[in-house]
Amino acid sequence: MAETSQPSPLELARARRVARAAQGEYDLAVANGYSIIVASDLVDPLTSVVDEATRVARAAQLAKLGTITWTIGDSGRLSWSDEMAMIFGHAPRTLRLTPETLARLVHHADVDRVSEVVRTAWQQRRPDEVTFRVIQPSGAVRHVHCHIEILTADGTPSGIIATGADVTALELARQERRRLATRTDMVCADLGALDIVSGLPTRSWLTDEVDRARRTTGGALIVVATEPRLPEALTNENRDRLTADVARLLRTIVGDEVTCGLVGSGLWGVLLAPTAEHAEPPETLAARIVDTFRSHLFSVQQRTVRLNTFAGLVLFGSDIVATGFDLLIDGEHAAREARRNNVPTRVLIEPAATDDRTEKCRSQVRQAVSTNRFALYAQPIVDLRLNEVTRHEILLRVRSDTGESVAPWAFLDMAERVGEILTVDKWVIDHALELIGRGAQTSHYQVNISGKSLADPGLLTYVTEAIRRHGVKPECLTFEITETALIENRNEALAFATGIREIGCHLALDDFGTGYGALAHLKYLPVDLVKIDGVFIVDLCRSPADQAVVSKLVELCQTLGIRVAAEYVQDEETLDFLKSCGVDFAQGYKTGRPEPLDISPEKAVRTIEFELRLPPQHSAMG
């Protein structure tokens, strides 16, 4: 501490603290009956007649601290106390201390910072403090906190003394508090579990809840099918408004305590626990939902809309083999049979047999393919570097029994699970390439393929033949693999990717960031483009966690030479953030809604992206 006639408040406080600590240690030792080998009178370090370095070192020794002293002049030297040597992991008096040796003992990442603190304290003639890491001979790392003070002789600076202590436990506790605070700020609601438009849980979330119920208590599952009586009169905005209104009405009917969700375009699921003695029976609730929906007049932009409504009810116990997905499919089939027979509700007193269910699903998919009950829609994609639309993504739509084109996610989920997705993929490939061949091949087109379809060894041959048959330029095509977590055979996937690249096409990955092996796919698949999954985009500007994930994914892809696209972009603020991160393409309702595909030589599309998707859906009405 500085030797001045008027000590500073910091120096006085430090002196009192050291004195109290030393006196406390002494009193405790005496009270415990220890034999005091050497007893020194406790004196004020600021008034002692001994030299300043000795005063500080003695006070530090009494407080069980270590010191490093560096003096200048003819008698200048660098030394440390026995306590400080042990803090650094060395036995006392076994290491001759030099500036170079001391620098090697400090963690290499902290050397410059410690040197800067010492240099500044010396130049400005003021005390300072610093925390740094040291590396002990065993390789162990310890955290040390040091107070840096200037030594003086006759009022002239004569050196520096550092008083330090091992604060590893305190530093690790501080780091853990900071980590927990950061994690608390970063953890956010699982937006992927909620449908954006309806606000209700999604199909996958409800499927998990049904799975949990059939493993524990059993219960009942109601699947409600709704369809507007004049679907052609509704715009996309009307459908979203109607979806939200139907969700609110359903929640009002069943109450907040009942589990319900969106399971498809115009399909709603309600999960009920086993009926209590005085509770409403599932059959009665299903009938009440249907009656309420049928009689309710929905208002959409000053237009009255009525819904055709039917319901399927499945009763199940806690000891069944059927999965949550199986029960959901049974409910959908029951609702479809109710519509076919023109009855409000169809009740299954037990789940369907596995073989019967699987055959129904496969038959439904094959019939849809054979009768061409599909349509292709185009959604614009903005090139953020040019700030203009340069691509379009082609979305698959499924035509319902009324002829309405609805979002296909429930249909595709079923096709994936029963092993019929390859049939759908081939329909998309053939019809997409046919449209491309008939149109003006002005730039680039992307055709999506499910990850499960890659397991088929004949897929590459099928694609190559379709390209030749429809006269499509291979260099104008990118094949995008969806649901990368579902890739069943990595060897076949690699063979397809390699073959596609050899004939001149490119490769892309969809839903990036959510598949279990997404990062591994970047290592062995020759990917040119990735699409960041929409779950990271929908709440991007309000979620520090999403911002961290997106920025790091973009940085990773840029390092690997891969271009990046973002889906589900809803507002200008999100666009600005994506631009600042270096994202190449943006897609979502902000850039344009899907419209029926119309490709002609007179109206050329610079780039078109064909995609068969399985992500969470924005609208329940298609």
Side-chain angles (χ1 to χ4, degrees), residues 198 200-207 209-211 213-214 218-228 246-247 249-251 253-254 258-275 280-294 307-317 320-365 367-368 398 400-402 404 406 409-411 413-415 417-418 620-621:
S198 70
L200 293 180
T202 60
R203 180 185 182 91
S204 59
W205 188 90
L206 187 62
T207 300
E209 290 300 299
V210 177
D211 239 339
R214 64 101 181 174
L221 176 64
I222 302 172
V223 175
V224 182
T226 60
E227 53 190 33
V246 172
L249 181 58
L250 178 63
R251 178 57 75 187
I253 297 171
V254 303
V258 175
T259 301
C260 61
L262 176 69
V263 298
S265 297
L267 291 174
W268 312 85
V270 178
L271 175 61
L272 303 174
T275 306
E280 183 178 21
E283 297 87 343
T284 304
L285 177 58
R288 185 158 63 89
I289 294 173
V290 172
D291 290 341
T292 304
F293 277 8
R294 286 182 173 183
L307 296 179
N308 292 325
T309 307
F310 304 90
L313 171 63
V314 184
L315 305 176
F316 59 93
I320 62 172
V321 177
T323 65
F325 169 78
D326 295 335
L327 295 172
L328 203 57
I329 291 296
D330 288 348
E332 293 173 12
H333 285 159
R336 189 173 293 109
E337 288 181 14
R339 182 186 187 281
R340 187 180 301 116
N341 297 323
N342 197 26
V343 296
T345 305
R346 170 82 163 87
V347 179
L348 298 180
I349 61 174
E350 63 181 8
T354 301
D355 292 343
D356 292 343
R357 180 189 305 112
T358 302
E359 186 55 36
K360 280 185 179 179
C361 291
R362 289 177 174 171
S363 176
Q364 184 180 345
V365 174
Q367 183 180 12
V398 179
S400 66
D401 294 335
T402 61
E404 179 187 11
V406 299
W409 39 288
F411 176 86
D413 184 26
M414 177 180 64
R417 292 180 183 251
V418 299
M621 291 303 187

**By side-chain contact (heavy atoms from CB on, under 4.5 Å) - contacts of Ala335 (at least two apart)** = Ala225
**Message:** Could you work out, with ring pair (Phe, Tyr, Trp, His ring centres under 6.0 Å) as the rule, every residue matching Phe310, not counting sequence neighbours?
**Reply:** none
**Request:** Check Val314, Leu271, Asp326 against Val210 for a side chain to side chain contact (heavy atoms under 4.5 Å, CB included) and give me the one that passes.
**Result:** Leu271
**Asked** Are the side chain of Thr226 and the backbone N or O of Thr309 linked by a donor-acceptor pair below 3.5 Å?
**Response** no
**Item:** More than 12 heavy atoms of other groups within 6.0 Å of Asp355 CG
**Value:** no
**Message:** For a quick test of reading the model, state the closest non-hydrogen atom pair linking Leu315 to Ala220 and the distance between them.
**Reply:** CD2-CB, 3.6 Å
**Item:** Ionic contact status for Arg417 with Asp413, cut-off 4.0 Å
**Value:** yes
**Request:** For Arg251, check side chain to side chain donor-acceptor pair (under 3.5 Å) against everything at least two apart and list the hits.
**Result:** none
**Prompt:** What are the two closest non-hydrogen atoms of His333 and Lys360, and how far apart are they?
**Reply:** CE1-CB, 3.5 Å
**Item:** Straight-line distance of Leu267 CG to Glu227 CD, nearest 0.5 Å
**Value:** 10.0 Å
**Prompt:** With sequence neighbours left out, what residues match Arg288 under salt bridge (Lys or Arg N to Asp or Glu O under 4.0 Å)?
**Reply:** Glu280
**Fill in**
In short, Ala338 meets Thr345 closest at the heavy-atom pair CB-C, 4.2 Å
**Prompt:** Do Leu250 and Phe293 have side chains that get closer than 4.5 Å, going by heavy atoms?
**Reply:** yes
**Item:** Main-chain N/O of Pro351 paired to Asp330 side chain as donor or acceptor, under 3.5 Å
**Value:** no
**Item:** Close side-chain approach of Trp268 to Leu262, heavy-atom, < 4.5 Å
**Value:** yes
**Fill in**
Minimal heavy-atom distance between Ala311 and Ile222, with the atoms involved, is CB-CG2, 4.4 Å
**Complete:** Note: Asp211 and Gly324 closest approach over all heavy atoms is OD1-N, 3.0 Å
**Complete:** The side chain to side chain donor-acceptor pair (under 3.5 Å) partners of Asn308 (sequence neighbours excluded) come to Arg229
**Prompt:** Is there a side-chain contact between Arg214 and Thr323 (heavy atoms, below 4.5 Å)?
**Reply:** yes
**Item:** Test side-chain contact (heavy atoms from CB on, under 4.5 Å) applied to Thr207 - qualifying residues, sequence neighbours left out
**Value:** Arg203, Phe325, Leu328
**Prompt:** Rounded to the nearest 0.5 Å, what separation is found between the SG atom of Cys361 and the CG atom of Asp356?
**Reply:** 11.0 Å
**Message:** Using side-chain heavy atoms (C-beta onward) and a distance below 4.5 Å, is Pro201 in contact with Glu209?
**Reply:** no
**Request:** For residues Ala322 and Leu327, report the shortest heavy-atom separation together with the two atoms involved.
**Result:** CB-CD2, 4.3 Å
**Message:** Given 3.5 Å as the limit, does a donor-acceptor pair link the side chain of Thr358 with the main chain of Thr354, or not?
**Reply:** yes
**Message:** Return the CD to CE distance between Glu332 and Met414, rounded to the nearest 0.5 Å.
**Reply:** 7.5 Å
